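Every chain is numbered from 1, with letters handed out A, B, ... down the list of sequences. Small disclaimer: the values here were computed from a predicted structure and weren't measured.
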Number of protein chains: 2
Amino acid sequence: MPEPEPVANFDTDAFKSACSKCNLRELCLPGGLSHAELEQLDTLIRVRRQYRKGEYAYRAGDPFDSLFAVRTGFFKTSMLTEDGRDQVTGFLMTGELMGLDGISTERHPCDAVALEDSELCVIPFAKLEELSREAPSLQRHLHKVMSREIVSDQSVMMLLGSMRAEERLAAFLLNLSQRMTARGYSPSEFYLRMTREAIGSYLGLKLETVSRVFSRFHSEGLVAVQQKHIQILDIPRLRSIVGQQC
Amino acid sequence: MPEPEPVANFDTDAFKSACSKCNLRELCLPGGLSHAELEQLDTLIRVRRQYRKGEYAYRAGDPFDSLFAVRTGFFKTSMLTEDGRDQVTGFLMTGELMGLDGISTERHPCDAVALEDSELCVIPFAKLEELSREAPSLQRHLHKVMSREIVSDQSVMMLLGSMRAEERLAAFLLNLSQRMTARGYSPSEFYLRMTREAIGSYLGLKLETVSRVFSRFHSEGLVAVQQKHIQILDIPRLRSIVGQQC
DNA sequence: CGCGCTGTTGAAACTTGTCAAAGTTTGTGG
DNA sequence: CCACAAACTTTGACAAGTTTCAACAGCGCG
């Protein structure tokens, strides 16, 4: 697969970020911090980088030294098993943090690739640790962010361990919808940035199964599907599919 | 289901712990810390509690204020979905840490129950945070522990998302074996503390399937199974089952 | 404008789940 | 310490769900 040319990575002041002025601050790392703490964060996060669709923020095995926050765009993380199977471990929207899984081994265990032209804020982890030693509420906040990641991975485990294909896709759509809402977008209409195969990989299904379930949902009037354009027509019924007692 | 009577929870000096003298220190939270840092940890972890088989260390919804380290015994954590399904999210052996998933909401999202008579070290989280603000290497270590939890949850996601029943059980047995080895026990012979149903719940399989796969492994000479007593006879072949190219 | 990637759909094969019955172990109370 | 009940495990037959293989359609990029 030919790889897109990397766009120049501007580390210049033009791309200097300021958490305190970022419209994502409630969703992102700064969430819940005081104004003074925000200004401390500003000293930390000095670099944004741009990525073209298809470009990698990092690859499995790369040394870890920073976390990345999605400033604009959409990312996918995926891991390779020893036996060569590739699995998508997450999709990341604006305000979400990538790279926490690299802290333990000081190497990134997964690939992170842009699914559309995107921009990331680079958060040097050593400096974040330093700052969080001085600011207890930032420290607590970082711990909460990491813990939230654990909880959300566990809920994917539950999805994979106990749900059937329809339930998985319904849960997936509702999850996207909810995250879109939190970002001020329509809860019911959006473009999927990922392929059926990536959705399937994330949900533990084959791409054909994903496609079939989309078709079934479509014919039942739950969603309007036109390739990547999705319109959720009946959120309550989707919810009832997820919550189906077994 | 009748619940066992709680054993008295001794908070006395008799049960005072000392990480610096604990034979699990290399496996547990203290792993990799200097002697001076260990002594700081000693000031933190002052309480051990004992649990009878079937007793809960905490339940979903309980307020979070401490992490727990398994000192002796064996624990299982499980979550309840909204629709009433219960899923096992982990099995914990000596030296392993429970409760990280409670930091984000300040409530435990899962139940933690002893699968045999056990002892836990109670680690007050606020104090751990305090201490880790003063000791950068403890701070880094805590972050690594949390990150390791994320990575291990992700590898369960991969297992659930891409492996078939035989592969899952083989991976599960190899994982147990490896953790037993790290604790100085035999890598090939152990008692399963959990039921087939709990294994199935963890692996996203029904208990009958778990039982059948055990029987198949048995008849193929991979393991000797007598109820909960397991003897792994052919680790290389188990590995090759896990690593099967799809 | 056409090639390749992505998505859809069908039929058959396979894996796992469901239901049912019987055997085994464990724990409790007499 | 034994007997009984409850919980756990095993096994079989069948059903349901998912994957596999295959063919084809559609869209988008060069």
Between [Y] and [X], does any NZ, NE, NH1 or NH2 come within less than 4.0 Å of an OD or OE carboxylate oxygen?
X: Arg49(B); Y: Glu119(B); value: no
X: Arg183(B); Y: Glu96(B); value: yes
X: Glu167(B); Y: Arg85(A); value: yes
X: Arg193(B); Y: Glu116(B); value: yes

What class does the angle between the rings of Phe68(A) and His108(A) fall in, given that below 30° is parallel, 30 to 60° is tilted and above 60° is perpendicular?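 Tilted: the ring planes of Phe68(A) and His108(A) meet at 30° to 60°.
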Quick one: label Gly204(A) by what it contacts on the DNA or RNA (base, sugar-phosphate, nothing), any heavy atom closer than 4.0 Å.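 Sugar-phosphate, no base atom in range.
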Minimum-distance nucleotide (side-chain atoms of Arg164(A) versus dT6(C), dT18(D), dA20(C)):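 Shortest atom-to-atom distance from the side chain points to dT18(D).
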The side chain of Thr195(A) is closest to which nucleotide in this list: dG7(C), dG27(C), dT9(D)?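 My answer, after comparing the listed nucleotides, is dG7(C).
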Taking the six-membered ring where the residue is Trp, are the ring centres of Tyr51(A) and Phe75(A) under 6.0 Å apart?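 Yes.
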Does NZ or CZ of Arg59(B) lie under 6.0 Å from the centre of the six-membered ring of Tyr56(B), at an angle within 45° of the ring axis?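 Geometry flag: set, cation within 6.0 Å and 45°.
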Figure out the [atom1]/[atom2] separation between [X] and [N], and round it to whole Å.
X: Leu205(B); N: dT10(D); atom1: CG; atom2: P; result: 14 Å
X: Lys228(B); N: dC8(D); atom1: NZ; atom2: P; result: 7 Å
X: Glu166(A); N: dG17(C); atom1: CD; atom2: P; result: 17 Å
X: Arg196(A); N: dT18(D); atom1: CZ; atom2: C1'; result: 18 Å
X: Arg85(A); N: dT19(D); atom1: CZ; atom2: P; result: 13 Å
X: His229(B); N: dT26(C); atom1: NE2; atom2: P; result: 13 Å
X: Leu203(A); N: dT18(D); atom1: CG; atom2: P; result: 12 Å
X: Ile199(B); N: dC8(D); atom1: CD1; atom2: C1'; result: 12 Å

Watson-Crick and G-U pairing of DNA chain C, under 3.5 Å, as dot-bracket with | and [ ]: ||||||||||||||||||||||||||||||
Flag the pair [X] / [Y] as yes when at least one side-chain heavy-atom distance between them is below 4.5 Å, and no otherwise.
X: Leu115(B); Y: Phe91(B); value: yes
X: Cys121(B); Y: Val47(B); value: no
X: Leu120(B); Y: Val70(B); value: yes

Counting only heavy atoms and a strict 4.0 angstrom limit, can you tell me which residues of residues 209-217 of chain A come near DNA chain C?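 Hits under 4.0 Å, by residue number: Ser211(A), Arg212(A), Ser215(A).
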side-chain contact (heavy atoms from CB on, under 4.5 Å) between Tyr202(B) and Ile199(B), intermediate numbers included: CA-CA 5 Å; Tyr202(B) 182 65; Ile199(B) 297 173; 5.8 Å; no
I'd like a table of atom pairs between the protein and nucleotides 26-28 of chain D - only N or O on both sides, under 3.5 Å - with the distance next to each one.
none

Can a donor-acceptor pair be found, under 3.5 Å and without considering hydrogens, that links the side chain of Ser201(B) to the backbone of Glu197(B)?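 Pair absent, no side-chain N/O of Ser201(B) close to backbone of Glu197(B).
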Are there any protein N/O atoms within less than 3.5 Å of an N/O atom in nucleotides 3-5 of chain D, and if so, which ones and at what distance?
none

Enumerate donor-acceptor pairs with a distance under 3.5 Å from any side-chain N or O in residues 224-234 of chain A to protein atoms, sequence neighbours excluded.
from: His229(A); atom 1: NE2; to: Glu189(A); atom 2: OE2; distance (Å): 3.0
from: Asp234(A); atom 1: OD1; to: Arg237(A); atom 2: N; distance (Å): 3.1
from: Asp234(A); atom 1: OD2; to: Arg237(A); atom 2: NE; distance (Å): 3.0

Donor-acceptor pair under 3.5 Å, Glu208(B) side chain vs dC19(C) base: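 Looking at the base of dC19(C), it does pair with a donor or acceptor on the side chain of Glu208(B) (distance under 3.5 Å).
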Mind checking ring pair (Phe, Tyr, Trp, His ring centres under 6.0 Å) for Phe217(B) and listing every partner two or more places apart, or none if nothing turns up?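 By the ring pair (Phe, Tyr, Trp, His ring centres under 6.0 Å) rule, Phe217(B) matches no residue at all.
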